[in-house]
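Chain A is the first sequence line, chain B the second, and so forth, proteins listed ahead of strands; every chain is numbered from 1. Given the structure is predicted, the values throughout are model-derived calculations rather than measurements.
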Amino acid sequence: MLSKVLIGRYIPGDSVIHALDPRSKILLTVLFMVIVFLANSWATYITLILFVLIVTKVAGLSIRFLFDGLKLILVLFIFTFLMHVFLTKGGTVLVDGGFFTIESEGIITGIFITLRLTLLVVVTTILTLTTSPIELTHGLERMFQPLKRIGFPVSEVAMMMSISLRFIPTLMDETEKIIKAQSARGSSFRMGGLKERFQALLSIFIPLFVSAFKRAEELAVAMDVRGYNVKGKRTSYRLLEWKSSDTIAIIIMILLAALLFGLRAIGL
Amino acid sequence: MIVLNDVTYKYDDSRRAALDNVSLRIERGDWISIVGANGSGKSTLVKLLMGILETYEGDVSINGIKVTEENTRALHKNFSIVLQNPDNQFVGATVEDDVAFSLENLEVPREEMLEIVDTVLQEVGMLEYKKHEPSRLSGGQKQRIAIASALATDPDVLILDEATSMLDPQGRRDVLKLVQAVHKKRKTTIIYVTHDLTEVFRSDAVIVMNQGQVRLKGSVDTIYSNPHILEENNLVLPFEIKISTALLNQSIMSYAKLVRKL
C-alpha cells in the first residue's frame, strides 16, 4: 500500500516536462499555486483540470497512477469537503437537520475548495515525479543563492532536503516491512479502541525511529569518508541550463493566468 | 603502506578496549582480510583507518606520515569504503549522481566528472543503469554501484566492511569477482572485513581478531590449517573448507594452489 505513495518519488523519463530546468519547474509550480486561487467558477476549474490533465499526459505519467496515489490522502479531501458542506451558508437549504443545515452554497464551495486542494497536490506531485531530488535541490540552491550573502546556509539546507527526499522511499519500504512483521506477531492496526490503536502505532514508530537513526549514523559516516564537508566548496555534476522550452513553459503559464482572468471578467 | 603500532582505542561508554595493543603492517597493493565475530574490533579498526576515530593510543602512519588529528582528513582522501548496507550510503537520487558525489566534494571539474562516472560504471558493469534510482536495484547491483562510487576517486586503499553480508550467493560471487578484478587491474590495497571464511581465499594475508586483539595473522593456508585457533576466537571453519582441507592433505597441495588451479 505504502509503495503507492507518490510524495517524494521520482520517475525517470525523457518527456518535455522532465527535460525542463528545475528552476523553471519550481517557478511554474509556484505560479500555478497562485493561479489556482483565481478560479472561482465551473468554467475556470474545468480549464485548470484540463490543463493539469494535458501536463500529466505530456509528462508521460499515467492519470490513473497519479489518482491511485491521491487515494491515500482521500481522508483529507473528504474532511475539507465536509467542513464546507456543514459550515458554509448561503443559497437554497437542501437539508434541514435541526441543529445543522446543508445549503447549496456549502456544497458548491466544498467542491471548489476540494478541487483546488486536489489540483495543488497533483501539480506538486508532478513536480517531484518529473524532477530528481538532486535536480530539485540544485534548482532551489541556485534560486536561493542570493540569501548566502546574509549568512543563510543555502547549500546545507539543500543537502538536507535532498537527503530527506532520497530517503522517503527507503523509509516507506521499511515501514511496510515493520507493519508486516508486527502484523505477523498479532498486532492489529485496524481493530480495538483508541488506546489499542495508539499502542499498535507505537510498535511501528519505535523500530522505525531506531532504524532511521541507525541509517542516519551510517550515512553520516559514508558522507564523511566520501569527502563531504559542510563548509567546503563543491563542484556540480548537474548542469542547470535555461533553454527556450523553459521560457515557452513560463509563457504558457502566463497565458493560462490571462485566460482565467478573461473567464472571470466575462462572468464565466 | 599502513603501519599500526600498539594501537589501543576505548569507546567512551565501554570499560573494555575495542582495540587492544594492535600492531599491523599492510603493504601497498596487498589484499588483507580481517575476520572476527561480532564485537571483535574489526569495525573499530576500519573506523580508525578511515579517520573517524581520532583520539587513540599508539601510532598509526600511512606512507610514513604519522596520522594526527590535524592531518587525518587529508591523509584519508586516498581511502574509500563500501559498507554493509548500500542503502545507507547512497546520497544521489540516481546512480550517476551517487558516483559523482565524492568527485563533487573533491571539486573535480564537470567535464572530468562525466568521463570518470562513465569509466567506473563501465568497470563495474553498470553503465546501462546510469539513470536508474539506486534504491530500485538488486542487492548485488547496489553493492556494485557502491564500489563504483568508491573507485571514482581512484583510492589507494579500498575498504569493504562486510560488504557481502546482506547479499544472496550470486550477489556475493559477483561482488567478490569484481573486487578481484579491481585489485588485479588497479593494484589497489584491499582491506576486506568479513565473517565468512570462504571469502578470504584470495587474500595475501588474513587477520583474525577477537576482543580487540589480533589473535592470528598469516596466509590463507595458515588460517585454514588452524581450526582450533579459529574456534577459540568464535569462528568456525566452513564445512566445505574442512572437506577441501582434508582432501588437499591427502594430495599434499596447498589451498591457495588449488584456488589458483581452479
Structural part of [X] lying under 4.5 Å from a heavy atom of chain A:
X: B/Leu103; result: backbone
X: B/Val82; result: neither
X: B/Asp161; result: neither
X: B/Leu83; result: side chain

Check side-chain hydrogen bond (donor to acceptor under 3.5 Å, both in side chains) between [X] and all other residues, then give those that pass, not counting sequence neighbours.
X: B/Asp174; value: B/Gln170
X: A/Tyr237; value: B/Glu96
X: A/Ser24; value: A/Asp246

Worksheet item: Can you tell which of B/Pro109, B/Ser135, B/Ser149 has the highest number of heavy-atom pairs within less than 4.5 Å of chain A?
Response: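 Of the candidates given, the most pairs with chain A belong to B/Ser149.
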Discussion item. At a heavy-atom distance under 4.5 Å, which candidate from B/Arg136, B/Arg110, B/Glu111 has the highest pair count against chain A?
Written reply: B/Arg110
Item to complete: Measure the acute angle between the ring planes of B/His183 and B/Trp31, then classify it against the limits of 30° and 60° as parallel, tilted or perpendicular.
Response: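 Rings of B/His183 and B/Trp31: perpendicular, over 60°.
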Practice prompt. Given ring pair (Phe, Tyr, Trp, His ring centres under 6.0 Å), test B/Tyr9 with B/Tyr11 step by step and report yes or no.
Written response: CA-CA 7 Å; B/Tyr9 180 83; B/Tyr11 288 103; 5.1 Å; yes
Practice prompt. Side-chain contact test, heavy atoms from C-beta onward, threshold under 4.5 Å: evaluate it for A/Met33 versus A/Thr29 and give yes or no.
Written response: yes
Worksheet item: For chain A, which residues from residues 124-133 of chain B have at least one heavy atom closer than 4.5 Å to it?
Response: B/Lys130, B/Lys131, B/Glu133
Discussion item. How about NZ on A/Lys243, more than 12 heavy atoms from neighbouring residues, nucleotides or ligands closer than 6.0 Å, or not?
Written reply: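 Yes, because the 6.0 Å sphere around NZ of A/Lys243 holds more than 12 heavy atoms from other groups.
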Worksheet item: Which one of B/Asn78, B/Ile2, B/Thr188 satisfies the side chain to side chain contact (heavy atoms under 4.5 Å, CB included) criterion with B/Val157?
Response: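 Result for side chain to side chain contact (heavy atoms under 4.5 Å, CB included) with B/Val157: B/Ile2.
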Discussion item. Quick one: does any side-chain atom of B/Lys42 pair with a main-chain N or O of B/Gly36 as donor and acceptor, under 3.5 Å?
Written reply: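 Confirmed, B/Lys42 side chain pairs with B/Gly36 backbone.
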